[in-house]
Engineer: 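Questions regarding the structure given below will be posed in turn.
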Amino acid sequence: MNVEMWNYQGVYDLLSKEKRFNCHIVLTGACQYPEEQRKQSLTNLRNYFRSRNISYIDFDEEGLGYDVKKLIDPDILFYPQPYGGQYVKRHNFRTFRYKLICYIPYGVSVLSDYDWVYNTSFHNLAWKLYYPFKMMKQRAERIQSNHARNVLVSGYPNLDYYLSDKSEDVWKIKDRSIKRLIWAPHYSIPSEGNWITRSNFLWMSNLMLQIAEQYRDRLQIAFKPHPWLKSRLYEQPEWGVEKTDSYYDQWSNLSNTFIASGFVDLFKTSDAMIHDSGSFTAEYLFVNKPVAFVTNDLQGLMEGHSEFGRSALSQHYIVGDENDIRNFIERVVLGGNDVMFSQRNEFFENVLRPNATGTTSQFIVDDIKKSLGVD
């Protein structure tokens, strides 16, 4: 669906080496994206796989999607998201309800026990749900209609890559004396009667460009917006298509900024992050680097999070206004005064590290082979 949700590389690599498996990567377009954004996501996917010499089956030009059922007739399908409304009819999981459906969460959920997180039709119909932590399975046992009988604790696939010594330097400026900051705003836009505790883009949009300009000789910033942000801005009367595209172009064109795609290599080669995202609340902690969460209502934010989510948030510097953000950049990012390092390291060792030996991808492949009786 997009590069950010591709966390099956390890599983694909291992299964492709097995004689009993014939693996295909099929591109699909997210239905809720505007046409231009959908096209851009597909372009990013093509570039990603081509640059790595990985074969794939493209999305068709008519927008119907490659006819997986007719032309492949798969036995097992891995999905990037559990939400049925994301896919064209040909790729909807209900089209394959008599097949073996698998899912690895595309991010680490930090939210409370909502049905849409754990108890959709997809969750209950799937053959295998591979969750990263025991606490996620425990929540699914309480919430899921089938009491999580299809859930296994596998570890988190991206952790295999975070722990690897290999990484690609995706930053515009390669000089490591120039600090590397990620800004990852959520897509939430506050409106009358619909304000949530992490709607910060509107007041931060100009500020972050000003900071990039002010510190251009010491700092570069990767703009990593939520994939839905652009489409939400298109709908805002005070923004619209022209202003939104112009704003994004500024991030592409400044000498010390760029728009980032993907996140594992980005995170590994960064120095710090500022965000108000959901899944990044835990995801960035895998690299144990200073991270600030933007909110003016920490208590309200905590109320919508699980116990794990609250623990992950507690590893962040909390910033709520321009002064807080500038202090974080000056003291922590540029000054190196990271007073939360030891605390984050303890969280990583005690909570995020997998208990099982070996990689997450190998665990998943071994489980599939064992479940099918395939040697």
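What you see below is based on every heavy atom in this structure, not just the backbone, and it leaves out hydrogens, waters and symmetry mates. Every value quoted in this text rests on a predicted model; they were computed, and no experiment measured them.
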Engineer: Is the closest side-chain heavy-atom distance between T257 and F223 below 4.5 Å?
Structural biologist: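 No, side chains not in contact.
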Engineer: Counting C-beta onward and ignoring hydrogens, is there a side-chain heavy-atom pair between L219 and I211 closer than 4.5 Å?
Structural biologist: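 Of all side-chain heavy-atom pairs linking I211 with L219, at least one is under 4.5 Å.
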Engineer: Go through the steps to decide whether F348 and L285 satisfy the test side-chain contact (heavy atoms from CB on, under 4.5 Å), and finish with yes or no.
Structural biologist: CA-CA 7 Å; F348 175 80; L285 297 177; over 6 Å; no
Engineer: Between the side chains of R139 and Y118, does any donor sit under 3.5 Å from an acceptor?
Structural biologist: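 The answer is yes; a qualifying pair exists.
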Engineer: Start with the C-alpha gap between R94 and S121, add the side-chain angles, then the distance that decides, and say whether side chain to side chain donor-acceptor pair (under 3.5 Å) holds.
Structural biologist: CA-CA 9 Å; R94 294 183 184 279; S121 297; 3.1 Å; yes
Engineer: Name each donor-acceptor pair under 3.5 Å that joins a side chain in residues 145-153 to protein atoms two or more places apart or in another chain, with its distance.
Structural biologist:
from : atom 1 : to   : atom 2 : distance (Å)
S145 : OG     : N119 : OD1    : 3.3
S145 : OG     : N119 : ND2    : 3.4
N146 : OD1    : Q144 : NE2    : 2.7
N146 : OD1    : A148 : N      : 3.0
N146 : ND2    : N124 : O      : 3.4
N146 : ND2    : N150 : OD1    : 3.4
N150 : OD1    : Q144 : NE2    : 2.9
N150 : ND2    : H123 : O      : 2.8
N150 : ND2    : A126 : O      : 2.9

Engineer: Would you say NZ of K166 has more than 12 non-hydrogen atoms from neighbouring residues, nucleotides or ligands within 6.0 angstrom?
Structural biologist: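 No.
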Engineer: Cation-pi check, K230 to Y248: give yes when NZ or CZ is under 6.0 Å from the six-membered ring centre and within 45° of the ring axis, no otherwise.
Structural biologist: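 That pair qualifies as a cation-pi contact.
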Engineer: Working note: Y161 + D265, criterion side chain to side chain donor-acceptor pair (under 3.5 Å); need CA distance, chi angles, decisive distance, verdict.
Structural biologist: CA-CA 9 Å; Y161 298 100; D265 285 324; over 6 Å; no
Engineer: Honestly curious: do F341 and V351 fall in one hydrophobic cluster under the side-chain, below-4.5 Å linking rule?
Structural biologist: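 Per the 4.5 Å side-chain linkage, F341 and V351 are not co-clustered.
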Engineer: Checking Y130 against Y103 for the ring-ring contact (aromatic ring centres under 6.0 Å, His included) test, could you report, in this order, the C-alpha distance in whole Å, the side-chain angles of both residues, the deciding distance, and whether it holds?
Structural biologist: CA-CA 6 Å; Y130 293 104; Y103 173 64; 9.9 Å; no
Engineer: Hey, any chance I72 and L64 share a hydrophobic cluster, counting ILVMFWY side chains that come within less than 4.5 Å of each other, even indirectly?
Structural biologist: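 The answer is no; the residues belong to distinct hydrophobic clusters.
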Engineer: Distance only, no hydrogens: is a donor on one side chain within 3.5 Å (strictly under) of an acceptor on the other, for R232 and S188?
Structural biologist: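 No.
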Engineer: Answer yes or no: is there a side-chain heavy-atom contact under 4.5 Å between N158 and F286?
Structural biologist: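 No, side chains not in contact.
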Engineer: Give the C-alpha distance, both sets of side-chain angles, the deciding distance and a yes or no for side-chain contact (heavy atoms from CB on, under 4.5 Å) between T269 and R180.
Structural biologist: CA-CA 8 Å; T269 54; R180 301 173 169 191; 3.7 Å; yes
Engineer: Test side-chain contact (heavy atoms from CB on, under 4.5 Å) on Q81 and F122 and set out the steps.
Structural biologist: CA-CA 9 Å; Q81 281 198 0; F122 180 97; over 6 Å; no
Engineer: What residues join I173 in its hydrophobic cluster, counting side-chain heavy atom gaps under 4.5 Å, either direct or through other members?
Structural biologist: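 So far as hydrophobic clustering goes, I173 is joined with I178.
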Engineer: Check this for me: K243, atom NZ, are more than 12 non-hydrogen atoms of other residues, nucleotides or ligands nearer than 6.0 Å?
Structural biologist: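 Counting neighbours around NZ of K243, more than 12 heavy atoms of other residues, nucleotides or ligands fall under 6.0 Å, so yes.
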Engineer: Tell me if a side-chain donor or acceptor on D60 pairs with a main-chain N or O of G65 at a distance below 3.5 Å.
Structural biologist: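 At least one qualifying donor-acceptor pair exists.
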Engineer: Do K289 and D271 sit within salt-bridge range, that is, some charged N less than 4.0 Å from a carboxylate O?
Structural biologist: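 A salt bridge is absent here (no side-chain N lies under 4.0 Å from a carboxylate O).
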Engineer: Strictly by modelled atom types, are N206 and Q210 linked by a side-chain donor-acceptor pair under 3.5 Å?
Structural biologist: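 Not at all, the side chains of N206 and Q210 share no donor-acceptor pair under 3.5 Å.
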Engineer: Checking N256 against Y215: is there a side-chain donor and acceptor pair closer than 3.5 Å?
Structural biologist: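 No, no side-chain donor-acceptor pair sits under 3.5 Å.
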Engineer: Any side-chain donor-acceptor pair under 3.5 Å between S371 and K128?
Structural biologist: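 A donor-acceptor contact under 3.5 Å links the two side chains.
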Engineer: For E238, is the CD atom crowded, meaning more than 12 foreign heavy atoms sit under 6.0 Å from it?
Structural biologist: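 More than 12 within 6.0 Å, yes.
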Engineer: Check whether more than 12 heavy atoms from other residues, nucleotides or ligands sit under 6.0 Å from atom CZ of R331, and answer yes or no.
Structural biologist: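 Atom CZ in R331 is not crowded, with 12 or fewer foreign heavy atoms closer than 6.0 Å.
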Engineer: Can you name the ring pair (Phe, Tyr, Trp, His ring centres under 6.0 Å) partners of F21, sequence neighbours left out?
Structural biologist: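 If we apply the ring pair (Phe, Tyr, Trp, His ring centres under 6.0 Å) test to F21, skipping adjacent residues, there are no hits.
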Engineer: Name the orientation class of the two ring planes belonging to F267 and Y162 (parallel below 30°, tilted from 30 to 60°, perpendicular beyond 60°).
Structural biologist: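 Ring orientation of F267 relative to Y162: parallel.
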Engineer: Report yes if the distance between the aromatic ring centroids of F201 and W239 is under 6.0 Å, otherwise no.
Structural biologist: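 Centroid distance F201-W239: below 6.0 Å, so yes.
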Engineer: In residues 311-321, what donor-acceptor pairs under 3.5 Å come from side-chain atoms, sequence neighbours left out?
Structural biologist:
from : atom 1 : to   : atom 2 : distance (Å)
S311 : OG     : E307 : O      : 3.1
S314 : OG     : R310 : O      : 2.9
Q315 : OE1    : Q343 : NE2    : 3.3
Q315 : NE2    : S311 : O      : 2.8
H316 : ND1    : A312 : O      : 3.0
H316 : NE2    : H275 : NE2    : 3.0
Y317 : OH     : D338 : OD1    : 2.7
Y317 : OH     : V339 : N      : 3.0
Y317 : OH     : M340 : N      : 3.3
D321 : OD1    : N323 : N      : 3.2
D321 : OD1    : D324 : N      : 2.8

Engineer: Mind running side-chain contact (heavy atoms from CB on, under 4.5 Å) on F59 and V88 for me, showing each step along the way?
Structural biologist: CA-CA 11 Å; F59 194 70; V88 295; 4.1 Å; yes
Engineer: Can the ring centroids of F133 and Y156 be said to lie less than 6.0 angstrom from one another?
Structural biologist: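 Centroid distance F133-Y156: not below 6.0 Å, so no.
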Engineer: Test Y56 against R46 for side chain to side chain donor-acceptor pair (under 3.5 Å), laying out the working first.
Structural biologist: CA-CA 8 Å; Y56 63 88; R46 295 179 188 115; 4.6 Å; no
Engineer: Is it true that, when you exclude E349 itself, more than 12 heavy atoms of the residues, nucleotides or ligands shown sit nearer than 6.0 Å to its CD?
Structural biologist: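 Counting neighbours around CD of E349, more than 12 heavy atoms of other residues, nucleotides or ligands fall under 6.0 Å, so yes.
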Engineer: Quick check against the 3.5 Å criterion: does N7 have a side-chain atom that pairs as donor or acceptor with the backbone of P105?
Structural biologist: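 Checking the backbone N and O of P105 against the side chain of N7, a donor-acceptor pair under 3.5 Å is found.
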Engineer: Start with the C-alpha distance between H186 and S277, add both sets of side-chain angles, then the distance that settles side chain to side chain donor-acceptor pair (under 3.5 Å), and finish with yes or no.
Structural biologist: CA-CA 5 Å; H186 195 253; S277 172; 5.9 Å; no
Engineer: Is atom CD of E18 surrounded by more than 12 heavy atoms (other residues, nucleotides or ligands) closer than 6.0 Å?
Structural biologist: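 Enclosed: over 12 neighbouring heavy atoms sit under 6.0 Å from CD of E18.
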Engineer: Only one of F96, Y79, Y33 passes ring-ring contact (aromatic ring centres under 6.0 Å, His included) with Y87; say which it is.
Structural biologist: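 Exactly one candidate clears the test, Y79.
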Engineer: Taking C-beta and beyond as the side chain, do L181 and Q220 meet within less than 4.5 Å on heavy atoms?
Structural biologist: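 No, their side chains stay 4.5 Å or more apart.
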Engineer: Does a sphere of radius 6.0 Å around NZ in K179 hold more than 12 heavy atoms from other residues, nucleotides or ligands, not counting ones at 6.0 Å or beyond?
Structural biologist: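 No.
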Engineer: Answer with yes or no after comparing the ring centroid distance for F280 and Y284 against a 6.0 Å cut-off, counting only values under it.
Structural biologist: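 Not under 6.0 Å, so no.
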Engineer: Tell me whether R52 forms a cation-pi arrangement with Y48, defined as NZ or CZ under 6.0 Å from the six-membered ring centre and within 45 degrees of its axis.
Structural biologist: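 Yes, a cation-pi geometry holds between R52 and Y48.
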Engineer: Could you verify whether a donor N or O on one side chain and an acceptor N or O on the other, from T295 and D297, lie under 3.5 Å apart?
Structural biologist: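 Short answer, no.
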Engineer: Where do W6 and Y106 land on the ring-ring contact (aromatic ring centres under 6.0 Å, His included) test, with the steps shown first?
Structural biologist: CA-CA 7 Å; W6 174 246; Y106 60 89; over 10 Å; no
Engineer: Not counting sequence neighbours, which residues clear side-chain hydrogen bond (donor to acceptor under 3.5 Å, both in side chains) with E213? List them please.
Structural biologist: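 Residues passing side-chain hydrogen bond (donor to acceptor under 3.5 Å, both in side chains) with E213: R216.
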Engineer: Test N200 against every option in I325, V294, I274 by the side chain to side chain contact (heavy atoms under 4.5 Å, CB included) rule and name the one that passes.
Structural biologist: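 With N200 as partner, I325, V294, I274 yield a single side chain to side chain contact (heavy atoms under 4.5 Å, CB included), made by V294.
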Engineer: Mind checking ring pair (Phe, Tyr, Trp, His ring centres under 6.0 Å) for Y12 and listing every partner two or more places apart, or none if nothing turns up?
Structural biologist: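 So Y12 forms no ring pair (Phe, Tyr, Trp, His ring centres under 6.0 Å) with any residue.
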